[in-house]
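So you know, we letter chains A, B, ... as the sequences are listed, proteins then strands, and number each from 1.
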Amino acid sequence: MSAAPPHRPQGPITSQFAAREPAYLAGLNAEQREAVQTTEGPLLVLAGAGTGKTRVLTTRIAHILATRKARGNQILAVTFTNKAAREMKERIGKLVGASVEGMPWLGTFHSIGARLIRRHAELVGLRPDFTILDTDDQIRLIKQLLAAENIDEKRWPARQFASMMDGWKNRGLLPKDISPADAGFFANGKGQKIYKDYQARLKTLNAADFGDLLLEGIRLFKENPEILAQYHDRFRYMLVDEYQDSNTAQYMWLRLLAQSRDGINSSNICVVGDDDQSIYGWRGAEVDNILRFEKDFPGARMIKLERNYRSTSNILSAASHLIANNESRLGKTLQTDVGEEGEKLSVTSVWDSEEEARQIGEEIEQFQRQGDPLDDMAILVRASFQMREFEERFITLGLNYRVIGGPRFYERKEIRDALAYLRIVANPNDDLAFDRIVNVPKRGLGDAATQLINQTARAIGKPKIAAIRELLETEELKSGPRKSLSNLIHQFDNWSAKQFERTAIETSENNDGEIVERQLILPPVPHYELAEQILDESGYTAMWQNDKSADAPGRLENLKELIRSMEEFENLGGFLEHIALVMDRDSGEGGDAVSIMTLHSAKGLEFNTVFLPGWEEGLFPHQRALDESGLAGLEEERRLAYVGITRARKRCRISLAQNRRIHGLWQSAIPSRFLDELPAQVVEVTDTGSSYGGYTYGGRATTRFDNRDPFESVYETPGWQRAQRQQSARKGPGPVTIDGDLVARSSGPSAAYGVGERVFHLKFGYGTVTAAEGNKLSIDFEKAGPKKVLDSFVKRG
DNA sequence: GATGCAGATATTTTT
DNA sequence: TATCTGCATC
């Protein structure tokens, strides 16, 4: 704390300062204040969910500015998402007035990375106007390289290589750093070569991918210590948001910047994060970065923010107990400041996902009748396929919802196509953009023409546009393609010229009948008008206008939106940079609506009521996370559960289906192990009544069959429950001789059903087996029609 | 260049 | 089950 020294002299100036506390500090708790005021030296702020992390971060910047420790352009503040960057800008603006404009180094890792290498582009082998490639471009480029190496794309998909390379780049590895073992995974050891070729191709294309924006920065700093020193001088203070999500490359990048001249990490770097909310390990994030911070930055202080201003104590208690099951964490104990126990969390077991959607829909309507706005409710799912069922249900109910996530604006085909046109105009060397649109709309250019262009380009070592120019001088092209290519090139020249001031000759006849030529100076066409012209003149707009598919009008609308959004930018270059790095999906308008999104995209948000469906083994925790990453995977899934619960302010409603259809097959579901990790006192277990057997909780059976058989509740294994359900499905009392081995046998060969056999299924009733393959059966049900089910789901009928 | 079929493939996705 | 991709075909 920054209490004044005890025997502070009572001069008029000092007392004035001591007495009047800056307004921005008001309302902060002791730890928050400390985090704001500890400006010197490395600092780790461990901020639990809902503890006012963003507030600390923004106030800290405001504090640095207000106390004149640094000017806005001497502060480096990085976030992961554009949304977070925007929010920080806004909030700082509110705190200190308009000086946010003076913070050019507040942004995402990638946008700052790009800014940095643009300034020194020539040192990393690029020109300052280099293009930023998206994933789509990357894949297409890799495909070309694979073809050149005669690698069978079926066996070694480009996509797979792209994600591998992504992993390398996340770890800060250049082609030369790839170990033979790593590279050996792909195409019998050709991985390293392809990576190398890929990087070389990027340089000739004057392009960089997302990974390069950081990787090239690291290289730049390593190879040019004098430039790094400039930035050491510049950045007096560094702040990093969501540090638990940083990957190795980002860590290296930061660490270089945070070094002082003598190479010791003693800078004023403040990282804020929550190890318990690290959910992007699969994307290369290293929780280790945050766990290791104090070692990496000697003399680092750690401040924990543990006072939660969001959730009721019941919700917090559930979340804390759950996350306490993780081994690798720094450990925090969240305490609520809401001062309310609140409702218990509810856990509801339902028959299947359809019922789950129905159930949640009803609850939402009920809360709505009580006066809760839909905006305050959210459904957070583990996997996006779960969303559909809710959407369908809500449509029938007429319940307003919005889906958050999904493909981003600039990932849409029409936007990418339009951008490709603009990219070529901005940078005629952009062969990837050229490939994308040579024949879009159709220009009668087939394989033959494209091949010829590629060959020529390779032969003369020039971009494709240049190659076409040369080809047009020769007779090599057939007349059709020749004409359309010549036309296209003309158009590009024309569009390019319009970016700048240019001259035109106007011919007219004067009164004496003489032809008079006048030279006119035409001003540059504004880039947004140019874009519109390009789309019209190229026939691209017409292409969609003539398209009668259902989504064509939407696409045209998107194109309009694209052009509209261009007006905010000074020039084409600025716009293209923005679109590649910053363009957000159009965020939620459309009135009061329930949000449906994945747990991942819910991070950082909060709602009064949160629904968490699908808490079943295999789905959540997801089987693949378990298979691929073992214990680490499980812990990440648990953190995801923690994120989910802590999104709730007042109400948290968890549900699980006993049956779920995955890839068209009905699978029985076992309650998620996470349910057992919730403390019993804060959870209320309900059953919708339509389920059999079902979910038992904390040693107590909670099904409506509780009183039927006093011994039933002893058996809680999932397999047992399944057996139980099968038993109870039988008509009449029947002999209740339940054999523990029954379940194991049911999926083994001895349980195989023969074609033509009559069987009974709990959901579909009676039917006849039409085909059997392993434990999968095709059954023609009398009422429900043909279905595929697992044999353990049916009984001989 | 449109169409249709076989075959693979089906977590999460800040930039 | 449903959706997407590449490829063959007309």
Side-chain angles (χ1 to χ4, degrees), chain A residues 78-87 107-114 132-135 138-139 143 153-155 157-160 163 166 169-170 208-215 241-242 244-247 249-250 277-285 380-388 404-408 410-411 439-447 547 577-585 597-605 614 618-629 633 636-637 639-641 643-644 660-667 776 778 786-789:
Chain A
V78 282
T79 64
F80 281 82
T81 65
N82 294 304
K83 209 174 132 206
R86 216 180 311 120
E87 192 182 340
T108 62
F109 270 103
H110 293 268
S111 63
I112 290 176
I132 297 167
L133 296 191
D134 59 35
T135 336
Q138 265 188 68
I139 304 259
K143 277 188 181 168
E153 225 250 276
K154 279 221 180 94
R155 211 158 142 220
R159 217 161 253 296
Q160 191 191 327
S163 64
D166 202 45
K169 291 192 170 186
N170 283 157
D209 63 21
F210 282 126
D212 287 345
L213 297 180
L214 291 161
L215 216 48
D241 190 17
E242 305 275 17
Q244 78 282 353
D245 288 338
S246 59
N247 61 36
Q250 286 156 342
Q277 290 187 67
S278 159
I279 54 175
Y280 284 103
W282 51 276
R283 245 191 138 272
L380 312 182
V381 297
R382 172 66 247 259
S384 37
F385 75 83
Q386 292 172 261
M387 294 182 180
R388 219 186 59 187
I404 296 177
R408 248 157 276 122
Y410 70 88
E411 278 172 6
N439 207 24
V440 180
K442 301 276 183 282
R443 297 192 172 86
L445 299 166
D447 262 4
D547 190 312
E577 168 98 9
H578 178 87
I579 195 94
L581 290 171
V582 191
M583 193 73 175
D584 270 355
R585 62 202 107 171
M597 68 188 101
T598 63
L599 286 159
H600 282 90
S601 37
K603 196 169 74 162
L605 305 177
L619 177 59
F620 192 37
H622 201 282
Q623 193 56 47
R624 235 164 113 168
L626 265 34
D627 292 346
E628 283 168 17
S629 319
E636 184 154 313
E637 294 287 299
R639 291 193 289 268
L640 208 44
V643 167
R660 196 172 285 276
R661 200 164 51 171
I662 294 170
H663 312 326
L665 270 184
W666 282 96
Q667 309 254 233
K776 296 172 190 171
S778 300
K787 303 270 178 213
K788 280 188 180 170
V789 298

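Under the side chain to side chain contact (heavy atoms under 4.5 Å, CB included) criterion, A:Glu242 pairs with A:Lys53, A:Phe80, A:Gln244, A:Asp245, A:Lys603, sequence neighbours left out. For A:Arg283, there are no salt bridge (Lys or Arg N to Asp or Glu O under 4.0 Å) partners two or more places apart in sequence or in a different chain. Looking at residues two or more places apart in sequence or on another chain, you find a side-chain hydrogen bond (donor to acceptor under 3.5 Å, both in side chains) between A:Glu577 and A:Arg118. Considering only residues two or more places apart in sequence or on other chains, A:Arg661 meets the salt bridge (Lys or Arg N to Asp or Glu O under 4.0 Å) condition with none of them. The side-chain hydrogen bond (donor to acceptor under 3.5 Å, both in side chains) test applied to A:Arg624 returns A:Glu628, not counting sequence neighbours.
Looking at A:Arg639, its side chain never comes within 3.5 Å of a backbone N or O of A:Gln277 through a donor-acceptor pair.
Among the nucleotides B:dA10, B:dT15, C:dT3, the one closest to any side-chain atom of A:Arg388 is C:dT3. Considering only the side chain of A:His110, B:dT15 comes nearest among B:dT15, C:dA2, B:dT12. In this structure, the nucleotide among B:dA10, B:dT12, B:dG1 sitting nearest to the side chain of A:Thr598 is B:dT12. Checking B:dT15, B:dT12, B:dA10 against the side-chain heavy atoms of A:Arg624 singles out B:dA10 as nearest. The side chain of A:Ala625 sits closest to B:dT11 out of B:dT13, B:dA2, B:dT11.
Using a 4.0 Å heavy-atom criterion, one finds that A:Gln250 contacts no nucleic acid atom at all. Among the protein residues, A:Asp134 comes within range of no part of the nucleic acid, since none of its heavy atoms lies under 4.0 Å from any strand. Backbone-only engagement by A:Gly444 is indicated by non-hydrogen atom pairs under 4.0 Å involving sugar-phosphate atoms exclusively.
In B:dT12 the base sits anti relative to the sugar, since the glycosidic angle is further than 90° from 0.
Between the base of B:dT11 and the side chain of A:Arg283 there is no donor-acceptor pair shorter than 3.5 Å.
Comparing A:Leu445 and A:Glu636 by the nucleotide of DNA chain B whose heavy atom lies nearest to each, the residue mapping closer to the 5' end is A:Leu445.
In terms of phosphate contacts, A:Ser111 brings no side-chain nitrogen or oxygen within less than 4.0 Å of OP1 or OP2 of B:dT15. A sub-4.0 Å separation between OP1 or OP2 of B:dG1 and a side-chain N or O of A:Asn439 is present.
Summarising the geometry of A:Ile404 relative to A:Met387, their closest heavy-atom pair is O-CE, 4.3 Å, with the distance given to 0.1 Å.
Rounded to an integer number of Å, the gap from A:His622 NE2 to B:dT11 P is 5 Å. Regarding A:Arg155, its CZ atom lies at a distance of 15 Å from the P atom of B:dA8, rounded to whole Å. Atom P of nucleotide B:dA10 and atom CD of A:Gln160 are separated by 11 Å, given to the nearest angstrom. Between the C1' atom of C:dT1 and the CZ atom of A:Phe385 lies a distance of 12 Å, rounded to the nearest Å. A:Arg639 has its CZ atom 16 Å from the C1' atom of B:dT11, to the nearest Å.
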Might you list the N or O atoms of the protein lying below 3.5 Å from N or O atoms in nucleotides 6-10 of chain C, with each pair's distance?
unit_1, atom_1, unit_2, atom_2, d
C:dG6, OP1, A:Lys143, NZ, 2.9

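If you take atom P in C:dA2 and the same atom in B:dT13, they sit 22 Å apart, rounded to whole Å.
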